[in-house]
S.K.: 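Supplied in structure tokens, the structure appears directly below.
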Amino acid sequence: MNTNSPSNMARDAVPAMQKASDDMMNSAGKAIEATREHANQALDRAESKVRELRGSVDPMVEMLASKAQKMARQSLDMASEARERAEKSFKHAADATTRYVSEQPMRSVLIAAAVGAAVALLVSSSRHRNHNRY
């Protein structure tokens, strides 16, 4: 019996797909966290500068600075919530993909082959066009 059947190949592909999905979620989380850290550092610098200037700033400007800081904090909170929603969405998609591959191994292999062929055709076509230009 052939051990490289499409069903076995699909079953073997599930851990790799899960890892790729997890890696993508981790990368997205790290990027959002790095952005948040950078924004926090910028806010801290701005806050420090505002404190320096407060002694000579009139009350209206103080109020505007306070509102700007509040809006910045709200924006960071919204970014954090968006990250959490994105992580849940990635996890849901990964789970759905894993479940689909487990339930439909033959169809999954055929879809993967078709996508691979389409990508190869696009790359080949692009290379051919670039080669003809020069």
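Bear in mind the structure is a predicted one, so any value in this text is a computation, not a measurement.
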S.K.: Say you draw a straight line from CG of Leu121 to NE2 of His128; how long is it, rounded to the nearest 0.5 Å?
M.R.: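 Reported value, rounded in 0.5 Å steps: 11.5 Å.
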S.K.: Give, for atom OG of Ser75 and atom CG of Leu43, the distance between the pair rounded to the nearest 0.5 Å.
M.R.: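 So the OG of Ser75 and the CG of Leu43 are separated by 9.0 Å.
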S.K.: Output a table of donor-acceptor pairs, distance under 3.5 Å, between side-chain atoms of residues 77-95 and any protein atom two or more places apart or on a different chain; print 'none' if there are none.
M.R.:
residue : atom : partner : partner atom : Å
Arg83   : NE   : Glu87   : OE2          : 3.4
Arg83   : NH1  : Glu33   : OE1          : 2.7

S.K.: Examine distances only and state if a side-chain atom of Ser124 and a backbone atom of Ala120 form a donor-acceptor pair shorter than 3.5 Å.
M.R.: no
S.K.: Once side chain to side chain donor-acceptor pair (under 3.5 Å) is applied, do any residues pair with Asp44, and if so which ones, sequence neighbours excluded?
M.R.: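 For Asp44 there are no side chain to side chain donor-acceptor pair (under 3.5 Å) partners, ignoring immediate neighbours.
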S.K.: So do Asn40 and Arg73 actually touch side chain to side chain, heavy atoms under 4.5 Å?
M.R.: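 Yes, close enough: below the 4.5 Å cut-off.
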S.K.: Could you grab the distance from atom CE of Met71 to atom CG of Leu64, nearest 0.5 Å is fine?
M.R.: 11.0 Å
S.K.: With ILVMFWY side chains joined below 4.5 Å, transitively, what does Leu122's cluster contain besides itself?
M.R.: none
S.K.: Under the side chain to side chain contact (heavy atoms under 4.5 Å, CB included) rule, collect the residues that match up with Ser125, sequence neighbours excluded.
M.R.: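 Counting only residues at least two positions away or on another chain, Ser125 forms a side chain to side chain contact (heavy atoms under 4.5 Å, CB included) with Arg129.
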S.K.: Remaining members of Val119's ILVMFWY cluster at a side-chain heavy-atom cut-off under 4.5 Å?
M.R.: Tyr100, Ile111, Val115, Val123
